[in-house]
Structures are given as structure tokens and as C-alpha cells.
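Shown next, in C-alpha cells, is the structure this report addresses.
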Amino acid sequence: MPEKPYNHQEIELNWSQRWSADPELYKAVNDGSKPRYYVLEMLPYPSGRLHMGHVRNYSIGDTLARYQWMRGFDVLHPMGWDAFGLPAENAAIKNNRHPSEWTHSNIAHMKKQLLRMGFAYDWDREVSTCEPEYYRWNQWLFLRMMERGLAYRKVSLVNWCPECATVLANEQVENGCCWRHETTPVEQRELVQWFLRITAYAEQLLDDMKQIEAGWPSQVLTMQRNWIGRSEGTEVDFGLAGTDQKIRVFTTRVDTIYGATCVILAPEHPVSKQLCEGALATQLKAMVDDQSRKDPENLVKEGFFTGHYAVNPYNGATVPIWIANFVLWGYGTGAIMAVPAHDERDFEFCTKYGISIVPVIRPVDGTLPVIATEPFTEYGIVENSGEWSGLPSAEARKLMSARAKENGFGEASITYRLKDWGVSRQRYWGTPIPVVHCPACGVVPVPDDQLPVLLPSDVELTGQGKSPLANHPSFLNTTCPKCGGPAQRETDTMDTFVDSSWYFFRYVDPKNDKLPFTPETVQPWFPVDQYIGGVTHAILHLLYSRFWCKVMRDISLVKVDEPFKNLFTQGMVQLNGQTMSKSKGNIVDPDEMVEKYGADTCRLFTLFAAPPEKNMDWNESSVEGQYRFLTRLFKWVTRNADATEGSGETDAQALRKLHQTIRKITSDFDNRWHFNTSIAALMELLNALQAAEAGLSPAVRQEVAAKLILLIAPFAPYAAEELWATIGRTGPVFRQSWPAFDPELAKEEALEIPVQVNGKLRGRIIAAHGSTKEEQEALALADEKVLAFIAGRPIVKVITLPGKLVNIVIKG
RNA sequence: GCCCGGGUGGCGAAACUGGCAGACGCAACGGACUUAAAAUCCGUUGACCCGAAAGGGUCGUGCGGGUUCGAUCCCCGCCCCGGGCACCA
């Protein structure tokens, strides 16, 4: 056949249409006849258009999915939409479009883009989290958590803009002010909100890391470990002088408690309010609302004395009670004892306010330090501490905790940095929280058979006032499921991280209307074999998903402890060293490149530019190279596939390169996914084939052409499919077997071995396969160039790695 | 400040982790084809030095030390870039 030109537009549009018209094409068989393989990529937020980060993520996943199909697996490769969220509401307010309409049109557009990229998804399993068919199961699962005490209400602080009279998300607070009222400082308001008790699973989330250690990047596990922040210490009750009241503090250094010179409360601590009257109360409110506290890096420690005193239960010492901006309400007990002699923060604070400094720990090999310019924060020997004096810190901590317990003024305690997950959002575009507030019965869960609690569509979004659902009377007013009396619905919706915490289970059983999914259906596919996504989700999404999985295990929906066996975190796509983002206005749209060069080129380029785990800087200059490569490949295959002439003298050479390439790419897939080197190997192969072309026999031309198509198929599916059809084979190409490599054919004719003299390359010898160490040494020592360098000097020793290297060490 | 990554030609990178530094691609330069251009094809391309040339030599993987026959790779001390955490008591 004559050489054909590579017309990417015609080829890709043709196959794109045929693929879209065939819903069976990418379906998982799911009958157990083949081993299963679940490839999962993080589902996108439908912001409007695909960006390069998506293209990179999905190119990696699609390449893997196609490879696993060719390896004979029954592959599950689904896609969906993380469709609830604030941007839809913002767009609604700005452009007067309904969030639903905005979201659905974005999904339609982005789906078209995904199809155009040639990604092989089983669209029958598409999940969109804003549909009632999906979010009703958020509600159902929420109710199960309520039953188990895992979902509960408590008072918590929210950002409040007095101008809009509404709650703001953290993203809507800019420089401590409202995003739409740049001069209006944001206040903190107390609101009763819903929480999920993830802290109850803190230990399991730590322990079960063992199960996924082998398949997850250690960096991600470390980040999660730090996030959970397990810390062993002691809780101690200080007395409030003149009353029976106690103030509980948490410390990891109870061994330093004789050096405590004040107690400091977080501004939000209830006792703070109690102790502050008049001018102090005003000062307190200002501190609570102070937005600069959210930027700890630049926070200047400030505080004030309450006029009250606390009593140290160990020695009866009376110390002043302060309130300070650096003490966190959300951690420990929200109150600390300050030991300036042995803690840097306390030192800084107490020095500033002239609070006394009492050293009580001496270094193991020294005397009690003079604390003048810096605290001594290490472990040492306890001093000036009554009966505890002389004990090493570690031992004192243990014994003193035990004493607190015995005497009823405290106990050893484990504290986590991890907090319970606040899921209430005073927003419209999210899952309604399925409870009813009844004046008679209190908080009443909506019964399962009344789910879903539907989000009404006719809601006015002004961005002002209370939660939008609270202004919708027919949604708000209902009857109590328990007593039948008039009641009001909860108007908060759920955090969208809820939606993405279990969608990958729903993919397996997406149309189930009895349960979130049937356990037996889902079980064979779990844990997910390979999850792929950005490292940006290393903490929240992945931690919530792990938590959710454990909860579902505890209610017998799933059997696995961990949802994702292997995790791959791709690097970010940057532009000039900066993350692409809307606010920076440096987003690159893939459409242009796809239009000009085609999806295959775009995919190859994305994979070729850098190894997938590394950040890549977007620089289109090398994209031409990928297009040229596909063009050359296309032409080579079409002009060789049914050639009838050729001597065959270069056959062995071509087959050798072919099998070396198969070996190389197979190992890249199975080990480290450095697809940049896989593609480079394919380029080398094509270069070699072009060089050998004139001497190839017809049989080898055909064989090599066919294998070449199979090798490129996971990376450039359109070109591969077109070529496969062009050479008269039956498709689809990604259902063919991945070519096997033959080690004999891949073997080099002879060994070329570098020879060094004193570690510097001085020559090369050609040795036969299977030649001995001695033979190779003899060859090296007979080599002219090598002899010239030795120049008759005495040989100290010769180091030979048979088949790899000879190094001759000489004197001088 | 702490914890991870990373630093290799003009650029993206490779070297499968102690054994031939720079594969593959981009860009650049030279040539062929062309009335011309584009496209395509062929060649050169780390720096410096010797040589008319073929060829040869020295240096070279952020900087400074070390281990080793041999270091981009291991160890010690720095510098720079990226990411995460950061008053977590």
C-alpha cells in the first residue's frame, strides 16, 4: 500500500464518533472470567473547561487502563462529576444563572472535551454528585452516622460579614475582610453546626497506614500523619482561685509544671467570657474577631491579664490567668499552663509581659540553666519540684500523670491535631442535611423512606441574609416525622467533600435505588487497584475517603479497611514556575492544541514532557516533535505493512530493537510509569526501523508494523486504531494482547565493554556472549589504546564486572 | 523554624540508583529538495585546548570536603528552588 499521510483531524473525529456510539466498548465485563483491575482518576469539579492538570491526570490513567486491557484484565474505568459547590452559586449571583443550569452546561461541555481526548470511560457508570439519585445516599449515610453518634451538632464559630449578613466560606475571606465588601472586617459568630466524628477513627487512620504503605507515596502518608498529629501528654485541672471551678489544661511536659508561672486561655474559651467584664469584654471580642490570627506566621503574640488567679494542683502555687491570641481553642483543652523557662512560645510571651520565669529542668550533664535569652526546651532532670526533683523528664511525665489520676485532678491523655469534620455549610448548592427541627421533639432525622430531601429549584440567591434554604418557606416548613406537628427543616447543606468521599463505590453500582450500592456487587472491585490524582488532595479528600470507608465497613457495606490499594500522585502543571489558577489568569486550555495537532499529540506531549510524578512547566515548544513522530510512524507503518520486497539482511537488527523496546515499555508500565522514557524508546525504535528499512524482508516489515501499532496503542489510541484498521486487522486495538518480548531476539550480537584506566574511560573491547572474566581482561590488556595509557607502568589490580566493565588500576 | 522533594547542555529531560554522563525530543546552525517559502530529508550541536586535517587531550551533573579502583548516585558541611506543616502547648 502506498504511504498514507497522517490526517489527525479526519482520523480522530471519525473514531471519536464511532467510539461514542458504542456504549459497550469500554464496559467492564464484571463476570469474574478475567482478573479485575480498577483504574480510578479523581473526578473533576465542573468549573466549565478542562485544564491541563485534568489532561495530565486523565492521560496517565487512560494510558494505564488501555495497557491493562491489553494485559488481559477486566478493567473498570469510570468518570463522574464533583458537581456541588460554591462556584456554581457565585456564578449564579454574578450572571443570574441557576446553579443547576450552570453546572449541567459545564458538565456537557467538559464531557465533550473528555470524549474528544479519546479517554476510555465507561459512561454508563457516570456519577454526578448533584443529582438526587446520588445525594440521597449522602443523606442516607449521614443518617447512619447519626444513629452511631458519628454525626452530631455543636456550637462553632463561622466567618460572618455584617454587611451581607451572611456566612462566608474561608475562601471568601480576603485579608480579613469580606470578598465583596473589601473594607468590612469579617466577624466570628457562633452557630450550631453539624460535625462528623472523624477523631473517633484517628487511631485507625494511623494504624491502617500499614496496609497501604507499599502502594502510597510515603510523602502523602507523612502529611496525613502530621495532619492527624497524635500527641501524648497530660490534662491537669488548675483551680480557679476563690471558687470550686476548675480550668483544665493540656500539656506534653507535665514534668515542667512547677515552672508554670501563669495559665493562658484561648479567647474563645467559655471561661474567658466569664472572667471578662466591661472594658475587658470589649478587648476579648476584638481578639476573637481578629482575622490576623488566621495567619500564624505573622501573628504577634498579644494577651492581657484577667485579674483572676489559678491554683497549681501539684504545689498549690497561685498564678495569674491571662488570655492570649496564640492559644488555640481548637486544640487540647483550649487552655495552657505557661512554662517560660522551657517553652519557646511561653518564653516569648512571658518576657514581653514581664511574667516571671522559673527554671525547673536542668540538662542531664549540667546545672540548672539561667534563662535569660532563650528557654531550655529539651528533656533533662527535674529540679525545684518537690518530691519529683531528680527524676529524668520522661519518667517524671509518667509518674506525675499517674499522680494526677490518683488524686483526681487530671490524667494522661492523647490529643490529636485532627479535629472533627465540620460539614455544615450555610449554602444552597449542596446536599440538604436530612433532619427536621421540631419544637416538641427536637432534632429528628428524616426517615429513610422520605429520602431524598430534595433541593428545591426555585430559590433566590442573593448572597445575603441567612442560608438560602431558610428563605424558602415551602422547603423550610414541614411536619415532624415523629409527632406530626409543624416543624422546620435543617437549612444547612453538606460540605462537598462528603460527595467525593465515596463516589468511587457508587461507580460500581451506579443505578441502585435501594442502597448506596449492594455490598456483594462492590466487593470484588475493592480496594481500588490504582487511584491517580493531584498531590493537592493528599490530605483532606484522601483522609475523608479513608474515614468514610471505615464507617461503611462498620455498617457492613464494605469489607475493606482501606479504599485505595495504590495511589499515584501526579505532579502539578505549572506555567513559568507558578501553579495555574483562575485567580492568576494563567490557565492554558487544551482545546487549541487538540484542534491544531490532535488529541494523540496532546496526550503524547503531556506524557513525554516529564515523568508523571514530577511537576512540569508548561512549555509548548516541544509539541511539534510529538506531531512529527506520529506523522513518521503513520507513514512508516502504511508503506511497510504489506510490502512485498526486501532482502532481509537487516531483519535481525530490527527485531532486536523491537524486542528491546517491548521489554523497556513493559517494564516502565510495571515498575515506575516513566512514560517519557517509554515514548523515547518508541522514537528510538522508529529511528532504527527507518535506518534499517531498505534491508527488511516483507515478513518482518509486517510483523514490526503490527507490533509497533500495539506498542503505541495505550499512548496514542486514535492513531493506533486507525492504523490497525488500515493494515486490515479487526479492532479494537486496545483489546489485542500486549506483545510479548523474546529475550533471545532482544540480545545484542556482541558485548561492547568499556575499559577504564584508573577509573577513566580509555577504550572499548568487543567480547562474545558468555566470554569469561579472564578473556575479557585479556582483551582489555591487549587493546592498543589502553596499552598506550598504561605506558608500561605497573598494574596494581584489575577490576572486572563480566560483560559490563574492565577497570585497570595502575601506579602513578 | 521543622519535614519531604529537587538542582545535570540554550531548553524539557535520560542514565532502572556506585560502573561509557547528556538517550529521546525541542531550539539553533549547515546542507539537500524548491523559482521561492512551508513541509520533508541528511548532517552538526556540553565547555575549553592541541591539530591544516583525520584525530587527540583536559574539564564538566548547585558549592566545599570525604569514602571508593571508580561518585549525578553514598557520607559530612553549605547555597538555591518547589511543596507540606508551623504558635498544636
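Reminder, nothing fancy here: chain letters follow the sequence lines and each chain counts from 1. Quick note: numbers below take in every heavy atom, side chains included, and nothing from hydrogens, waters or symmetry partners.
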Taking atom C1' in both B/rC33 and B/rA38, compute the distance separating them and give it to the nearest angstrom.
13 Å
P-based separation of B/rC80 from B/rG55 [nearest Å]
46 Å
Short side-chain N/O contact to B/rG12 OP1/OP2 from A/Lys614, under 4.0 Å
no
Just checking A/Arg762: base, sugar-phosphate only, or nothing, at a heavy-atom cut-off of under 4.0 Å?
sugar-phosphate
OP1, OP2 of B/rC2 versus side-chain N and O of A/Asn226: anything below 4.0 Å?
no
Give me the residues of residues 668-681 of chain A where at least one heavy atom lies under 4.0 Å from an atom of RNA chain B, by number, or none.
A/Arg672, A/Asn676, A/Thr677, A/Ala680
Would you measure the distance from the C1' atom in B/rG83 across to the matching atom in B/rA21 and give it in whole Å?
29 Å
For nucleotides B/rC16 and B/rC4, find the distance between their C1' atoms and express it as a whole number of Å.
23 Å
Separation of atom NZ in A/Lys804 from atom P in B/rC16, rounded to whole Å
8 Å
In whole Å, I'd like the distance from the CE atom of A/Met616 to the P atom of B/rG82.
19 Å
Could you check which of B/rA89, B/rG19, B/rC85 has an atom nearest any side-chain atom of A/Val327?
B/rA89
ring-ring contact (aromatic ring centres under 6.0 Å, His included) between A/Tyr353 and A/Phe305, intermediate numbers included
CA-CA 10 Å; A/Tyr353 289 103; A/Phe305 176 45; over 10 Å; no
For A/Met683 and B/rA14, what is the distance between atoms CE and C1' respectively, to the nearest whole Å?
13 Å
A/Ser218 meets the side chain to side chain contact (heavy atoms under 4.5 Å, CB included) criterion, sequence neighbours left out, with none
Nearest-nucleotide pick for A/Met572, side chain only, options being B/rC16, B/rC87, B/rG83
B/rG83
Nucleotide nearest A/Thr252 (side chain, heavy atoms from C-beta), chosen from B/rA89, B/rC69, B/rG25:
B/rA89
Stem finding on RNA chain B, please: runs of three or more consecutive Watson-Crick or G-U wobble pairs, both distances under 3.5 Å, sorted by first number.
B:1-7 with B:79-85, B:10-12 with B:24-26, B:28-32 with B:40-44, B:46-50 with B:55-59, B:62-66 with B:74-78
To the nearest angstrom, the CH2-P distance between A/Trp227 and B/rC3 comes to 20 Å
So, using side chain to side chain contact (heavy atoms under 4.5 Å, CB included) as the criterion, who are the partners of A/Thr569 when residues are at least two apart?
A/Pro217, A/Val220, A/Val535, A/Leu567
Looking only at B/rC87, B/rA21, B/rG57, the nucleotide nearest the A/Lys301 side chain is B/rC87
Side chain to side chain contact (heavy atoms under 4.5 Å, CB included) filter on A/Thr677, not counting sequence neighbours, yields A/Lys664, A/Asp668, A/Arg672, A/His674
Please give, in whole Å, the distance from B/rC87 C1' to A/Arg417 CZ?
12 Å
Is A/Arg764 touching bases, backbone alone, or none of the nucleic acid, heavy atoms closer than 4.0 Å?
base
Roughly how many Å is it from CG in A/Leu686 to C1' in B/rU40, rounded to a whole number?
14 Å
From B/rG70, B/rC24, B/rA89, pick the nucleotide closest to the side chain of A/Glu684?
B/rC24
Please report the distance separating the P of B/rG57 from the corresponding atom of B/rG62, rounded so that it comes out in whole Å.
25 Å
From the candidates B/rG19, B/rU40, B/rA89, the one with an atom nearest any side-chain atom of A/Arg628 is B/rU40
Under a 4.0 Å threshold between the charged nitrogen and the carboxylate oxygen, would A/Arg248 count as salt-bridged to A/Asp237?
yes
Using atom CZ of A/Phe605 as one end and atom C1' of B/rC11 as the other, report the distance to the nearest whole Å.
12 Å
For A/Tyr314 and A/Phe409: C-alpha separation, side-chain torsions, deciding distance, then whether ring-ring contact (aromatic ring centres under 6.0 Å, His included) applies.
CA-CA 9 Å; A/Tyr314 282 90; A/Phe409 58 77; 4.9 Å; yes
Expressed as a whole number of angstroms, how long is the span from A/Lys635:NZ to B/rA39:P?
12 Å
Picking from B/rA14, B/rG12, B/rC16, which would you name as closest to the side chain of A/Ser667?
B/rC16
Between A/Phe304 and A/Trp322, is the ring centroid distance below 6.0 Å?
no
Between B/rA53 and B/rU40, how far is it from one P atom to the other, in whole Å?
34 Å
List the residues meeting side chain to side chain contact (heavy atoms under 4.5 Å, CB included) with A/Thr351, not counting sequence neighbours, and say none if there are none.
A/Phe347, A/Ile357
Just checking, any donor-acceptor pair under 3.5 angstrom between side chains of A/Tyr627 and A/Arg632?
no
Within the 4.0 Å heavy-atom criterion, would you say A/Arg632 contacts the bases, only the backbone, or no part of the nucleic acid?
sugar-phosphate
Assign B/rG46 to syn or anti; the rule is syn for a glycosidic angle within 90° of 0 and anti otherwise.
anti
Just compare B/rC20, B/rC69, B/rC24 and give me whichever is closest to any side-chain atom of A/Pro754.
B/rC20
Please report the distance separating the P of B/rG51 from the corresponding atom of B/rU44, rounded so that it comes out in whole Å.
25 Å
Donor-acceptor contact below 3.5 Å, side chain A/Thr772 vs main chain A/Glu775
yes
Look at the side chain of A/Gln219 and the base of B/rG84, then say whether one donor and one acceptor between them are separated by less than 3.5 Å.
no
Taking the C1' atom of each, how far is B/rC24 from B/rU8, in whole Å?
16 Å
For A/Asp343 and A/Leu801, take the nucleotide of RNA chain B holding the closest heavy atom to each; which residue's nucleotide lies nearer the 5' end?
A/Leu801
Of the nucleotides B/rG25, B/rA21, B/rG82, which has the atom closest to the A/Leu761 side chain?
B/rA21
Short question: side chain of A/Asn676, backbone of A/Ala610 - any donor-acceptor pair under 3.5 Å?
no
Relative to the 5' end of RNA chain B, which residue comes earlier, A/Ala610 or A/Ala266, by the nucleotide with the nearest heavy atom?
A/Ala610
Can you tell me if A/Thr631 uses its side chain to pair, donor with acceptor, with the backbone of A/Tyr6 under 3.5 Å?
no
